[in-house]
Amino acid sequence: MDFLAGLNPQQQAAVAHINGPLLILAGAGSGKTRVVTHRISHLIANHAVKPESILAVTFTNKAAGEMRKRVEGLLGGVPGRGPNLFTFHSFCVRLLRRDGLPLADWRPGFTRSFLIYDDDDQLSILKSLYKEHNIDDKLLPPRNVLSAISHAKNKGTTEEELASNARDQRSKWVASLYQQYNHALVRANALDFDDLLLETVRLLRQHAPTREAWSRRLQHLMIDEYQDTNRPQYELVRLLSHSHSNVCAVGDEDQSIYSWRGADIRNILDFEGDYPNAVVIRLEQNYRSTKTILEASSAMISKNIARKGKWLWTESGQGSKIIVYQGYDGEQEALWIADQIDRLLRKKEVERAAVLYRTNAQSRQVEEALRRYRLSYHVVGGLSFYQRAEIKDILAYLRLMLAPTDAVSLLRIINTPARGIGKTTVEQMEVHARNTALTLWDAMEDMLEGNLLPLRAATAVKAFHSMIEELRASAATAAVHQLIRELLERTGYKKMLEEDRSPGAESRLENLNELLNAAAEASERGEALADFLDHAALISDADQVDLDAKVSLLTVHNAKGLEFPAVFLAGMEEGLFPHSRSVDSEAMLEEERRLCYVGMTRAEKRLFLTHSQARRRYGGGPLEPASPSRFLLEIPEELCEPKGTHGMQAAGFEAPGEIDLFAERSYVRESARQTASQIRQSREQRQSYPGKTYNSVENIAEFFRERGISPKGTSEKPTPVVSIPKSAAKPVFGASIKKKKVEGATVNHAKYGRGTVVRKEGDGDDAKLSVLFPGHGIVKLVAKYAGIKIEE
DNA sequence: AGCTAAGCAATTTTT
DNA sequence: TTGCTTAGCT
C-alpha cells in the first residue's frame, strides 16, 4: 500500500523514515496528524511492523481516539490489533496495573489495584494536614503548595533536599507537607498524576526485567506534542527506547504552552543532542489557514527570542483581513461576537465557529450573549462532568468498594447524605487513627469494637459500616451500573436529591443518570469497576470537545490541536491576555505569546480579535479600564481591519483612564471618524432613556443601535429573550480613575504593622499593592479589603 | 447535628 | 457573580 501518495516531500520523508531517532518540527496546520497516521500505517503495512509493537503517545484521549480511527481507515482490510495509542498517563496506568508490583519495594503496601488521585483528592489530603497542624490556609494557600509539590516531584527533588534547602518558615512548611503528603498517598495506596509518570520511570530504571520486556515489546515510539513533555516523560521515552532509539518526536516549539505545568521546552530544543543520529524534518507548509492569518501569527510569534525559528508558507489565498474589534465593555464585546457568529452561520460563510479565551471565567459573558441570540453552543472545560460534586461523591463510594482504606473517599461521603456522623465524630476517628497508626477505616472499626464512641455516634457509624460492607459484597459480583444503582438506593443518595427542592437538584439527578449510562456502556465493553474508575480519573477537558458543534467555547489551552473555520479570540487586553501574572517575566510573557499564537493559528478562514475599553473583573464589581493587548500591536497593521470604538480618544472623547496603545496607529484615526458620531449619538440616547429596561424588540434594537452593532434588519433577527440588565445602559466613559503615586509610601496594616509599598497594579479601590513588611516579606493586598492606612 | 443566613474573598492555564 | 466559611438558631 502506498502511504506516501498525496504528501509533500517533507511529509513523505517523515513517513518513510523507519529506524532511528526522528524529530518532526511541525508548524501549525502542517498536517502532522496526517504524517503520524500515515507513518504508523506505513510501518505496519509495508515494513512488517506489528501494530502492538508501536506506541504512539498523544496529549489527550480524544486525540488518541481520532488517531486510532484514522489509522483504521487507512489500513482498511489489514487484520490484527491496532497500535498502542495512549496518553502518557493512561500508558503508565496500563503498565503499572500490569507490571507494577515491584513498586512495593519502595512503596509499602503497593498493589496493582492502586487508586488514582486527582487534584481534588490532593487538595483534600492537604486540607486534612492543614487541620491537623493548624496551618492557616490564607498564609499558605494549598494550591500553591500543591504546585510546589508537583514541581519538586518533577524536578526529582527529594523530601530531604527540600527540607534542608528550606530557609524561611514557609518553605519549611512546604517541605514538611511534601513529606506528609507523600506519606498519605502511600498509605492510601494511591498515586497522583505526577506519581503515575514518576513511578513508572522509577520502575523501569530500577527493575531491569520490566525495562527489557517493555523496551522489547515497543519497538517504535511516537510522541506527539513533544514540546509539552516534562522531564519524567522525557525519561520514560529514553528508558523505553534505550535499546533501539526508534523515537519519532513531533512538535513545535512555538506551541509550547505548558511550562507552568513542568513542560520543558528543552526536550524539543535539545533533541538532536539527546539522540545523536537524529534526523530532523521541518514541516513548514501550512494547509489550514489563509495567508493573512498565517502572516499575522508568524509576525507576532517572531517577537519571541527563545525559538528555533521557521517561516510557514501556504498556497492558499490571502483571505479576509483580521477583524480587530474594540467594544465598550465585556458584555458588549460578547454581544458583538454573538452577532458576528450569527451572521457567519446564517450566511453559511462558515459551518462552525469557536470563541477562545484566556480564562474560563470569561465564558459566562459569551454564553449569555449567545443565549440571547438563541445560538446553541458547546462549552469545553470549566467544571467537567467527572468533577461535579454528585459524580465525585458516587465515585468516592465506588472507590471505597475497592479500597475502604482510602481516607479521602471515606471522608468525602461518610456523612453524605447526612446520616448523623458529624464533625466531632469524624474528628475523633481521625485522632484515633493518628494515635494508633491505623487507616481511618480501621480506626473506625477499632472504635466500634472498643466501644470508644458515644452511643448516638456509635449507632450511626455502625449502620454506615455495615452498609458499606454489604455494598462491597455486591460490588464483588455486580456490574458497575448495577452497583451504582444499588448504591444510589442504599445510601439514600437518590432520595436526598429527590427531596431536595433547590434548583440544582434536578440536574444533579440527570448527571447521575448520565453516570449510569456511562457505567452501563463500560460494562458492555467488559470493563470492571477498576477500569471504570481509571477512565473517570484520566478523562480530560479536551476529551469532551464536540467536533461537530456549531459554536464551541473553550480556553486557548484546550484549543490546542483543534481547528475551526472561524475563530474569535476574546478579551485581548493587557492583564488578561497576556495575563497579569505573566507580565513580570520575559519567559512567561513569551509563553503567553505562544499561547496567543496557538489561538490565532486555530483559524482556517476568519479570525476575529476582540477586546474592550473596560471590563468588570467579577459580577457587580466596578468597570475597570483596559488597554488593548500588546500582542495586537505586534500584528502588521495592513492585515487588520478595525471595528468598534477604536480611537475615541483621538476623536476628542475622554479616555477611560488608560492609554490607548492604538492611538498612534493610522487606522485608529480612521475608525475614530467612523465611530465618533455613533458614540455621540449613543451618549445622547443614553441620557434620554434613563433606566430603561431592554426587554422588547424595539428596545433591543435600540440597544444594538446604540452600540453601533445594529446593521441587521431588526425584524428578522432572532429575538433575544433575556432582558438585558440595566447595567448595560450605564455610561462607560468618565469612570474616574485616581492615578496617585503610592510606590514608596509607608502604610500601616492591622496584622503586619508598618511596611513600604513596592508595587501597585490597577487603580482606585481595586488597586493591588505589593507591600514589604519587615519580618513578613512582600505581601500582596487589595487596597479595598486590606484596611491599610497610608502614612503621609 | 444540621440547617440557614450572612459575611467575606477572589478568579490562569490542566494531564 | 460565585463559592466557601462561619455564626447562630432549631
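Chain A is the first sequence line, chain B the second, and so forth, proteins listed ahead of strands; every chain is numbered from 1. Reckoned from all heavy atoms, side chains included, excluding hydrogens, waters and symmetry mates. If you're wondering where the values come from, they're calculated on a predicted model, not measured in any experiment.
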Under the rule for ring pair (Phe, Tyr, Trp, His ring centres under 6.0 Å), what residues qualify as partners of Tyr178(A), not counting sequence neighbours? none

Is there a side chain to side chain contact (heavy atoms under 4.5 Å, CB included) between Asn230(A) and Tyr258(A) once you walk through the steps? CA-CA 9 Å; Asn230(A) 62 19; Tyr258(A) 282 102; over 6 Å; no

Quick one: is dT13(B) close enough that its OP1 or OP2 comes under 4.0 Å of any side-chain N or O from Asn558(A)? no

How many Å lie between CD1 on Ile223(A) and P on dT15(B), as a whole number? 18 Å

Whole angstroms only, please: what is the CG-P distance between Asp120(A) and dT15(B)? 14 Å

Can you tell me if the side-chain N/O atoms of Ser582(A) get under 4.0 Å from OP1 or OP2 in dT12(B)? no

Dump the pairs, protein N or O against N or O of nucleotides 1-5 of chain B, anything under 3.5 Å, distances to one decimal.
from: dA1(B); atom 1: OP1; to: Thr424(A); atom 2: OG1; distance (Å): 2.8
from: dA1(B); atom 1: OP1; to: Thr425(A); atom 2: OG1; distance (Å): 3.3
from: dA1(B); atom 1: OP2; to: Gly422(A); atom 2: N; distance (Å): 3.2
from: dA1(B); atom 1: OP2; to: Lys423(A); atom 2: N; distance (Å): 3.3
from: dA1(B); atom 1: OP2; to: Thr424(A); atom 2: OG1; distance (Å): 3.2
from: dA1(B); atom 1: O4'; to: Arg456(A); atom 2: NH2; distance (Å): 3.3
from: dG2(B); atom 1: OP1; to: Gly420(A); atom 2: N; distance (Å): 2.9
from: dG2(B); atom 1: OP2; to: Asn415(A); atom 2: ND2; distance (Å): 2.8

Can you measure Leu576(A) atom CG to dT13(B) atom C1' for me and round it to whole angstrom units? 12 Å

Phosphate OP1/OP2 of dT14(B) contacted by Asn360(A) side-chain N/O (<4.0 Å): yes

Quickly work out the Asp121(A) CG to dT15(B) P distance and round it to whole Å. 15 Å

Other residues, nucleotides, ligands: >12 heavy atoms within 6.0 Å of Lys494(A) NZ: no

Is there a donor and acceptor pair closer than 3.5 Å between the side chain of Arg358(A) and the base of dT13(B)? yes

Report yes or no: is the ring centroid of His579(A) under 5.5 Å from the six-membered base ring centroid of dT12(B), with the two planes under 30 degrees? yes

Quantified in whole Å, what is the P atom distance between nucleotide dT13(B) and nucleotide dC4(C)? 15 Å

For the residue pair Trp260(A) and His557(A), categorise the inter-ring angle as parallel (less than 30°), tilted (30 to 60°) or perpendicular (more than 60°). perpendicular

Rounded to whole angstroms, how far apart are CD on Gln227(A) and P on dT13(B)? 20 Å

For residues Tyr117(A) and Phe193(A), determine if any side-chain heavy atom of one lies less than 4.5 Å from a side-chain heavy atom of the other. no

Roughly, in whole Å, what's the span from CZ in Phe88(A) to C1' in dT15(B)? 11 Å

Check the distance between dT13(B)'s C1' and His151(A)'s NE2 and give it to me in whole angstrom. 13 Å

Report yes if the ring of Trp260(A) lies under 5.5 Å from the six-membered base ring of dT12(B) with planes under 30°, and no otherwise. no

Tell me whether the side-chain N/O atoms of Arg581(A) come closer than 4.0 Å to OP1 or OP2 in dT12(B). yes

Across all chains, not counting sequence neighbours, the side chain to side chain contact (heavy atoms under 4.5 Å, CB included) partners of Thr601(A) are Ala28(A), Ser297(A), Tyr597(A)

Here the distance between atom C1' of dT14(B) and atom CG of Asn154(A), to the nearest Å, is 13 Å

Do His378(A) and Leu553(A) come within less than 4.5 Å of each other through their side chains, counting heavy atoms only? no

